[in-house]
Amino acid sequence: MTTADDVAARAKARFSTTLERLADYLRYPAISCEPEHARDVRALAERIADDLGGLGMERARLLELDGALPCVAAERRRCPGAPTVLVYGHLDLQPVAGEAWDSPPHEASAREGRLYARGAADDMGGWVSHLAAIEAWLEVAGELPLNIRLLIEGEEEIGSPNLVRYMDAFPDAFEADVMVLTDCENPSTDVPGLTVSLRGLMDVEVHCASMAADVHSGLWGNAIPDPAVALMQLVARLVDEDGRLKHGRVEVPEAWAKASFDVPLGPEVVREGARLLDGVEPLPGRGRSTAEWIWRQPAVTVLSTTLPAPGREKNAVRREASARLSVRVAPGQRGEDLYRVLEDVLLADPPGGVKVSMRLLSAGGSWLYTPKGPAFEAADRAYEKAWGKKLVQIGVGGSIPFVAMFGERFGDLPLILNGVMDPRTAAHGPNESMDLALFERAVLANVHLYAELAALPR
Ligand SMILES: [Zn+2]
């Protein structure tokens with residue numbers, strides 16, 4: 001048995017202690033988007049900083065900036081010559097208001113092999129899996145095999161608005177040779193995922209106008225172009241028969257496209273993960289895998305319109321109508337290029353000559369990463385030991401702002417994106433949960449990852 005095997009055995013033996021720690025943290029309603037919970041975010045940050053000191057991390061402290069919720073930072077760097085790994089996670093949560101939970105969202109509840117609570121997998125379980133590995137190493141070996149920094153953010157769920165400022169203000173808290181960013185997903189509970197791509201995100205407004213004022217729909221209907229209908233016609237131009245964005249599609253490497261059919265993301269996973277109603281079918285693949293559609297192709301969603309809510313309408317043709325569209329940009333695709341494509345489609349030949357205008361409200365970059373080099377080989381070995389399987393390269397259909405920020409600043413370093421979510425996690429929704437067997441494997445993988453990274457030639 002190697003030391004790492006002993007440490008892994010200890011981590012397994014103390015798994016229930018790890019779960020208790022996790023359950024404690026999950027009691028804090030640390031919801032960063034609700035100002036009334038700012039003090040809960042802070043209280044949790046203080047609690048974590050205290051605990052980190054207690055479990056052997058050094059310089060455990062809150063990082064603070066004006067107008068920002070705090071980050072927790074800590075380090076243990078007692079292995080001169082060994083690499084330093086930075087572990088990033090976040091302590092803040094998505095809101096729960098108005099959601100129907102089967103158990104209280106801020107009380108961890110274990111049922112059928114899963115732990116239910118807001119934040120269980122996104123992202124408390126993610127970084128607590130590292131605390132568990134660190135504790136096991138210190139208990140068994142008295143020291144870590146390498147140097148570790150922890151950085152736990154308090155504003156990830158509001159888009160990390162101050163993370164770059166934190167990077168500027170506290171550069172030493174981010175200094176590392178390898179970064180493990182742990183807020184991502186696994187393709188299933190028994191296949192570990194390494195995230196290598198994210199889609200970008202644009203918010204676009206489309207506005208249609210045809211008259212100086214609203215007019216009576218009985219007197220003028222059928223005689224004038226209705227801007228609300230024109231808006232729907234324009235949105236319909238964007239999509240194919242399945243309702244998917246049909247413009248701006250990208251070529252993905254053939255080998256990747258083929259391999260993506262092996263990702264366990266079949267219709268049943270879609271049906272359950274997205275909670276489709278009986279009789280509603282997942283969209284047909286039409287030659288592409290679900291993974292490709294979600295991870296690698298652009299997509300459009302109608303977020304809102306200026307049409308009145310039912311019950312607030314009047315019998316009139318409205319003078320104008322607009323919609324906000326959320327557009328996911330393919331990894332590697334430039335948002336401005338896709339925006340221009342959409343402009344060409346939406347502004348050309350307006351229905352009935354209505355005045356159409358567009359605005360780009362916000363744009364966040366996509367991310368496409370090629371993992372190579374010894375750190376990823378070390379990660380493969382570590383995951384194979386803990387999961388019996390190598391990391392499978394996956395994408396995320398969403399856009400995680402902090403990843404782009406880390407990529408921009410530290411793109412030359414190995415960035416290992418993983419996490420403890422799986423397709424049933426329901427992050428951001430009611431009954432968020434984490435698979436407990438997966439969580440245990442994540443802890444064991446971290447134990448081995450530290451040893452494998454420490455053994456790399458410098
Ligand atoms: Zn998260």
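One-based numbering, in listed order, for ligands and for the atoms of each.
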Query raised in the report: Of all the atoms in Glu157, is at least one N, O or S atom closer to the Zn ion (ligand 1) than 2.8 Å?
Result: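 No N, O or S atom of Glu157 is closer than 2.8 Å to the Zn ion (ligand 1), so no.
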Requested in this report: State whether Asp123 contributes an N/O/S atom found under 2.8 Å from the Zn ion (ligand 1).
Outcome: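 Checking Asp123: none of its N, O or S atoms is under 2.8 Å.
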Indicate yes or no for a side-chain donor-acceptor contact from [X] to the backbone of [Y] under 3.5 Å, with no hydrogens or angles considered.
{"X": "Asn431", "Y": "Trp101", "value": "no"}
{"X": "Asp177", "Y": "Thr84", "value": "yes"}
{"X": "Arg424", "Y": "Arg114", "value": "no"}

Report task. May I ask you to decide if the ring planes of Tyr25 and Trp127 are parallel, tilted or perpendicular, using 30° and 60° as cut-offs? Result ->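 Tyr25 and Trp127: parallel rings.
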Query raised in the report: With the Zn ion (ligand 1) at the center, what angle do OD1 from Asp122 and NE2 from His90 span, rounded to 10 degrees?
Result: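 Answer comes to 100°, rounded to 10°.
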